[in-house]
Amino acid sequence: LAFEKAQNYMYVPGNHEQGEPYYAYYKEATGGSPDIQVKELDELLVVGVDNGCHTVSDTVMQKLQELLRGNRPVILLHHIPLDTETLHPAATAFWGDITYFLFGIAGKGENIDNYYALLNEEKTALKAILAGHLHFSHVDFLKNGIPQYVSAPCLNGYARILEITGE
């Protein structure tokens, strides 16, 4: 892999890409930590967060608070989708036991609740969330009206194309 070309990509680790070998790879590929990455696309910020183990660090929370309470619109990428009113029954129907499949159900630590609350704040720069993990496609909305797009895996031939336009 030519890491000098990786500047055009974001790597958002999932539950299968955890542990030291993966962390070292993503650290080299991103030129820093995969915990949180920020790409500037003109006035838009694309932010990638590693929530693949149902946790987020204090560092991620601090940086994300700064970004989501700022003036530039943010698209957030994370692996495990937030538990929402419409996603919960869909995930239950698909997986049965969803303890491990929705963020906010499994894991420990106050940052789980803080992360969920931050993304649901009424006044936010957040414009959309992109997630995966569930192996099916779904679109829903957080309590504050922010859309969350869950995509099915590429290994099943699925791709989601989003067109981002101005407000």
Verdict with supporting geometry, Asp35 and Ser57, side-chain hydrogen bond (donor to acceptor under 3.5 Å, both in side chains): CA-CA 8 Å; Asp35 294 343; Ser57 69; 4.6 Å; no

Does a side-chain heavy-atom distance below 4.5 Å link [X] with [Y]?
X	Y	result
Asp58	Asn111	yes
Gln65	Asn114	no
Gln37	Asp50	no
Arg69	Thr124	no

List the atom of [X], the atom of [Y], and the distance in Å for their closest heavy-atom pair.
X	Y	answer
Leu44	Pro73	CD1-O, 3.5 Å
Val150	Gly132	CG1-O, 3.6 Å
His54	Leu102	CE1-O, 3.8 Å
Leu142	Leu119	CD1-O, 3.3 Å
Arg72	Glu43	NE-O, 3.5 Å
Gly52	Tyr100	O-OH, 3.9 Å

Does [Y] offer a backbone N or O that forms a donor-acceptor pair with the side chain of [X] under 3.5 Å?
X	Y	answer
Asn120	Lys143	yes
His79	Val12	no
Asn156	Tyr158	no
Tyr116	Asp83	yes

Cluster question for you: counting only ILVMFWY and a side-chain heavy-atom cut-off of under 4.5 Å, with indirect links fine, are Leu134 and Leu155 together? no

Using 0.5 Å steps for rounding, measure from the [atom1] atom of [X] to the [atom2] atom of [Y].
X	Y	atom1	atom2	result
His138	Thr84	NE2	OG1	5.5 Å
Thr55	Ile112	OG1	CD1	7.0 Å
Asn144	Leu126	CG	CG	7.0 Å

Begin with the C-alpha distance, continue with both residues' side-chain angles, and end with the deciding distance and a verdict on side chain to side chain contact (heavy atoms under 4.5 Å, CB included) for Leu77 and Lys39. CA-CA 11 Å; Leu77 288 73; Lys39 297 287 184 184; over 6 Å; no

Show the numbers, then the answer: is there a side chain to side chain contact (heavy atoms under 4.5 Å, CB included) between Asp140 and Glu85? CA-CA 8 Å; Asp140 60 11; Glu85 197 173 299; over 6 Å; no

Just one of Leu130, Ile129, Leu87, Asn51 clears the side chain to side chain contact (heavy atoms under 4.5 Å, CB included) bar with Pro81, so which one?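 So, applying the side chain to side chain contact (heavy atoms under 4.5 Å, CB included) to Pro81 and each of Leu130, Ile129, Leu87, Asn51, only Leu87 qualifies.
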
In terms of ring plane angle, is the pair Phe101 and Trp95 parallel, tilted or perpendicular, where the classes change at 30° and 60°? parallel

Dump the intermediate steps for side chain to side chain contact (heavy atoms under 4.5 Å, CB included) on Val38 and Lys63, then the final yes or no. CA-CA 10 Å; Val38 180; Lys63 182 66 176 174; 4.3 Å; yes

May I ask you to check whether His133 and Phe103 place their ring centers less than 6.0 Å from one another? no

Mind running side chain to side chain contact (heavy atoms under 4.5 Å, CB included) on Leu68 and Leu76 for me, showing each step along the way? CA-CA 10 Å; Leu68 296 186; Leu76 176 67; 5.8 Å; no

